[in-house]
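Read through the structure below, which is laid out as structure tokens, and then see the notes.
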Amino acid sequence: MTSQLTITRPDDWHLHLRDGAALRQTVLHSARRFARAIVMPNLRPPVTTTAEAERYRARILAALPEGLTFEPLMTLYLTDNTPPDEIRRAWASGVVHAVKYYPAGATTNSENGVTDLRACYPTLEAMAETGMPLLVHGEVTDPQVDVFDREAVFIDRILVPLLRDIEGLNVVFEHVTTREAVALVRESGRRLAATITPQHLSMNRNALFEGGLRPHHYCLPVLKREEHRRALVEAATSGDPSFFLGTDSAPHARRHKESACGCAGMFSAPAAIELYAELFEREGALERLEGFASRHGANFYGLPHNRETITLVKESWSLPRELAFGDETVVPMAAGETLSWKLKDSK
Ligand code: DOR
Ligand code: ZN
């Protein structure tokens, strides 16, 4: 049995760090494990310009504890009015690595998102020209569509037409949750990739109702049926370079989760790579973890592989039931549970 695992230091290709007082904690958990992260722009107000992205990046770096290295890869929040020139400025900055498309109303802080993607086509053309990838939250917002079908319907109504209309655009289908999404990514070649979260790999929708209503298992896209989880596990552990690690770690204060109208998001950063290691081991695919966590994403984004390594050891440890989060507390994913892989060191 493998008792120690050393891999190239991984990257998180989808992360919510939030802002303000919480940054010290969120940055710490990610920087202990990951060398770089694609940082989501859905702050209040959202990060819509290169100048704002540069200022947010400086706040993240200011919150980084001494002795740790971490490179935040910034993103812009696409709106109906993002001008093509902003894309060129963002690309030239070297700081902004992607643009995030939230359909307006699809998820947390998406009110300023896109109402009609066709209106954004000139901006998307500028992205195709520069090589800037588009990261999509792939769910329709049509209230007529069942919440469990929103990703599959998004593929037909939005994503397939988008890939057809804007030829050179590179796209990441973020946090995929369905076998339909996996199939599309598999058949679309190198211009369409996907991130997969630890929660969608390890839980199905029964986890939302296990012995009662479980607000800490609520995220968007919502957990799906077991058959879909299996398709994600097969994709992640297959070695296919189109699939890579993106935690979508999305902390909300405990009182905002345990509420009559709870927020969507799971805070997986405090055990992210450990959770993926558990899963890959269970599938007999530990030797494929490094590709998924440390190589495929960098290749897609055209960035070098990290030079440092991390080491995980086979040693039981339990996640705390809650953690500090600015002036509040947050319940991490797998709170109070015992994991068998522990982070030893990172160098
Ligand atoms: O569960 C989620 N939480 N899904 C998202 O798309 C956004 C995220 C957040 O920012 O809280
Ligand atoms: Zn997200």
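Numbering of ligands and ligand atoms starts at 1, following listing order. We count residues from 1, following the sequence as given.
Counting heavy atoms from C-beta on, the side chains of F243 and V182 come closer than 4.5 Å. A 4.5 Å side-chain heavy-atom check between K342 and E274 finds every atom pair outside the cut-off.
A side-chain contact (heavy atoms from CB on, under 4.5 Å) with I158 is found for exactly one of V136, L163, V114, L117, namely L117.
Interface atoms of ligand 1 facing C219, defined by a heavy-atom separation under 4.0 Å, are 1 (O). Atoms of ligand 1 lying under 4.0 Å from at least one heavy atom of D248, given by number and element, are 4 (N). Every atom of ligand 1 with a heavy atom of A250 under 4.0 Å away is listed here by number and element: 3 (N), 8 (C), 9 (C), 11 (O).
Checked against the Zn ion (ligand 2), the N, O or S atom of D248 at the shortest distance is OD1. Sorting the N, O or S atoms of H14 by how far they are from the Zn ion (ligand 2) puts NE2 first.
Classification of R254 and E328 as a salt-bridged pair fails, no side-chain N sitting under 4.0 Å from a carboxylate O. Salt bridge status for K344 with E315: absent, with no side-chain N to carboxylate O gap under 4.0 Å. In this structure, R229 pairs ionically with E226, as a charged nitrogen and a carboxylate oxygen lie closer than 4.0 Å. Classification of D165 and R118 as a salt-bridged pair holds, one side-chain N sitting under 4.0 Å from a carboxylate O. The pair R9-E308 counts as a salt bridge, with a side-chain nitrogen and a carboxylate oxygen less than 4.0 angstrom apart. Under 4.0 Å is where a charged nitrogen must lie from a carboxylate oxygen, and between E86 and R89 at least one such pair does.
At a heavy-atom cutoff of 4.0 Å, ligand 1 is contacted by the side chain of H137 but not by its backbone. Residue contacts with ligand 1 for M40 are absent, since no atom lies close enough (heavy atoms, distance under 4.0 Å). At a 4.0 Å heavy-atom cut-off, ligand 1 does not touch H14 at all.
Considering N42, V222, N109 only, the shortest heavy-atom separation from atom 10 (O) of ligand 1 involves N42.
The N/O atoms of G265, backbone and side chain alike, include one that comes under 3.5 Å of an N/O atom in ligand 1. Annotation: Y102 places no N or O atom under 3.5 Å from an N or O atom of ligand 1; distance criterion only. Between L220 and ligand 1, at least one pair of N/O atoms sits closer than 3.5 Å. Between P221 and ligand 1, no pair of N/O atoms sits closer than 3.5 Å.
The shortest separation from a heavy atom of E139 to ligand 1 is not under 4.0 Å, leaving the residue out of contact.
For the Zn ion (ligand 2), the set of nearby N, O or S atoms under 2.8 Å includes none belonging to H137. Here H175 fails the criterion, with no N, O or S atom under 2.8 Å of the Zn ion (ligand 2). Coordination check, E174 versus the Zn ion (ligand 2): failed, since every N/O/S atom of the residue sits at 2.8 Å or beyond.
For an aromatic pair to be called close, the ring centres must be under 6.0 Å apart, and Y301 with W13 satisfies this. Aromatic rings of H228 and H200 (six-membered ring for Trp) have centroids beyond the 6.0 Å cut-off, not under it.
The shortest contact between atom 5 (C) of ligand 1 and any protein heavy atom is with T107 OG1, 3.0 Å. With hydrogens left out, the protein atom closest to atom 3 (N) of ligand 1 is A264 O, 3.0 Å, a heavy atom.
Counted by atom type alone, T115 and D80 present one or more donor-acceptor pairs between their side chains at under 3.5 Å.
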